[in-house]
Amino acid sequence: MSEPFRIASLSEIEVGGAPASARWSPVRMHFDISAFGVNAWTAREDGQAVIGEHTEDSGHEELYFVASGHATFTVAGDEIDAPTGTFVFVRDPKAKRKADAKAAGTTVIALGGTPGKAFEPMGWEQSARALRHWATGDFEEAVAELSALKDQHPEEPGLVYNLACAESRSGQTDEALAHLREAVELNDDFRELAEKDEDFDPIREDPRFASAVAGQAGAGRPGP
């Protein structure tokens, strides 16, 4: 018989990652929740993106809750002031949304699911363990883990994007450019994210980078 309940603090669930990114707590995976998706993000510093700009290609409705601190949400172009205790519900999966922290330590919890459809875990969540390598700088190991996961979830855009980031950091330029192009093709939201993502600084001056961000074929092939 399974245990009737479990408890955990966010600090016990947090996954180490790049200092430039908010700390991710993969709550659903930690508790092995199968009925709905739930994750939390905590800003390391004032002004940091605590919910990255995105739409929900999965069809999910999403409910956000500011558990601590103070955030500013932008949903479908409208700015929303969200101090501690604020709920923000986004019904339209196509509505672009993001949230920036107005104070270090701001934590936003996100819950989601598709109306009328049994919940299915998202493939991008599987990248959680690999993100610990950003804190240690062991990007070759990150590439190995994410490559294996990509074999299982070949069309999961977030996973492909993280693989491209790790390859860029590890000096695998051709592979990084090819996977960046693939991620953009799968989800156009990654186009704007890649433009300012520090993970791509090592390859940003490569003349093929602009083609990869544009999702153009051949971006990962060596130039003439």
Side-chain angles (χ1 to χ4, degrees), residues 2-15 17 21-43 49-69 71-101 106-131 146 149-150 152-162 183-190 192-193:
S2 61
E3 54 192 350
F5 67 90
R6 292 176 60 191
I7 62 173
S9 66
L10 282 178
S11 61
E12 294 175 301
I13 303 174
E14 287 176 356
V15 174
S21 302
R23 294 191 297 271
W24 175 30
S25 296
V27 180
R28 190 205 68 78
M29 290 182 63
H30 180 82
F31 290 110
D32 193 25
I33 297 170
S34 58
F36 54 88
V38 54
N39 291 279
W41 285 268
T42 301
V50 68
I51 298 294
E53 187 172 61
H54 69 288
T55 56
E56 279 297 316
D57 290 346
S58 63
H60 278 189
E61 294 182 344
E62 286 194 317
L63 176 66
Y64 300 96
F65 177 67
V66 182
S68 64
T72 299
F73 280 78
T74 304
V75 181
D78 291 332
E79 191 169 289
I80 303 161
D81 185 50
T84 300
T86 302
F87 287 97
V88 178
F89 175 52
V90 184
R91 187 185 303 277
D92 183 0
K94 296 180 181 178
K96 187 165 288 189
R97 79 291 308 264
K98 68 174 183 175
D100 296 324
T106 295
T107 296
V108 176
I109 299 172
L111 301 96
T114 303
K117 182 179 178 182
F119 177 76
E120 295 181 4
M122 305 294 288
W124 66 265
E125 286 186 324
Q126 303 303 319
S127 64
R129 281 183 52 79
L131 295 181
L146 291 167
L149 287 169
K150 185 178 184 298
Q152 302 171 37
H153 307 278
E155 295 189 353
E156 181 53 54
L159 198 160
V160 177
Y161 182 85
N162 286 337
V184 170
E185 287 179 339
L186 290 168
N187 187 332
D188 192 64
D189 289 343
F190 288 115
E192 185 175 349
L193 181 60

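All values reported here derive from a predicted model rather than from experimental measurement.
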With no hydrogens and no angle check, is any side-chain donor or acceptor of [X] less than 3.5 Å from a backbone partner on [Y]?
{"X": "D189", "Y": "T55", "value": "yes"}
{"X": "R23", "Y": "T42", "value": "no"}
{"X": "R97", "Y": "H54", "value": "yes"}

Flag side-chain contact, heavy atom, 4.5 Å: [X] against [Y]:
{"X": "Y161", "Y": "L186", "result": "no"}
{"X": "F36", "Y": "H60", "result": "no"}
{"X": "T86", "Y": "P83", "result": "yes"}

*Would I13 and F31 count as a side-chain contact (heavy atoms from CB on, under 4.5 Å) if you check the C-alpha gap in whole Å, the side-chain angles of each, and the deciding distance to 0.1 Å?*
CA-CA 10 Å; I13 303 174; F31 290 110; 4.1 Å; yes
Within the supplied structure, the quantity of interest is the number of heavy atoms (other residues, nucleotides, ligands) at a distance under 6.0 Å from [X] [atom1]; does it exceed 12?
{"X": "E53", "atom1": "CD", "answer": "yes"}
{"X": "R91", "atom1": "CZ", "answer": "no"}
{"X": "E56", "atom1": "CD", "answer": "yes"}

*Output all residues satisfying ring pair (Phe, Tyr, Trp, His ring centres under 6.0 Å) with Y64, sequence neighbours left out; order by chain, then residue number.*
F73
*Sequence neighbours left out, what passes ring pair (Phe, Tyr, Trp, His ring centres under 6.0 Å) with F5? Give chain and number order.*
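F5 satisfies ring pair (Phe, Tyr, Trp, His ring centres under 6.0 Å) with no other residue.
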Which heavy atom in [X] sits nearest to a heavy atom in [Y], and how many Å separate them?
{"X": "A40", "Y": "L10", "result": "CB-CD2, 3.8 Å"}
{"X": "A76", "Y": "A95", "result": "CB-CB, 4.3 Å"}
{"X": "H30", "Y": "A8", "result": "NE2-CB, 3.5 Å"}

*Taking only residues two or more places apart in sequence, or in another chain, which ones meet T72 in a side chain to side chain donor-acceptor pair (under 3.5 Å)?*
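Counting only residues at least two positions away or on another chain, T72 forms no side chain to side chain donor-acceptor pair (under 3.5 Å).
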_Pair T74-D78, side-chain contact (heavy atoms from CB on, under 4.5 Å): steps then yes or no_ = CA-CA 5 Å; T74 304; D78 291 332; over 6 Å; no
*Working for side-chain contact (heavy atoms from CB on, under 4.5 Å), residues E125 and N39*: CA-CA 9 Å; E125 286 186 324; N39 291 279; 3.4 Å; yes
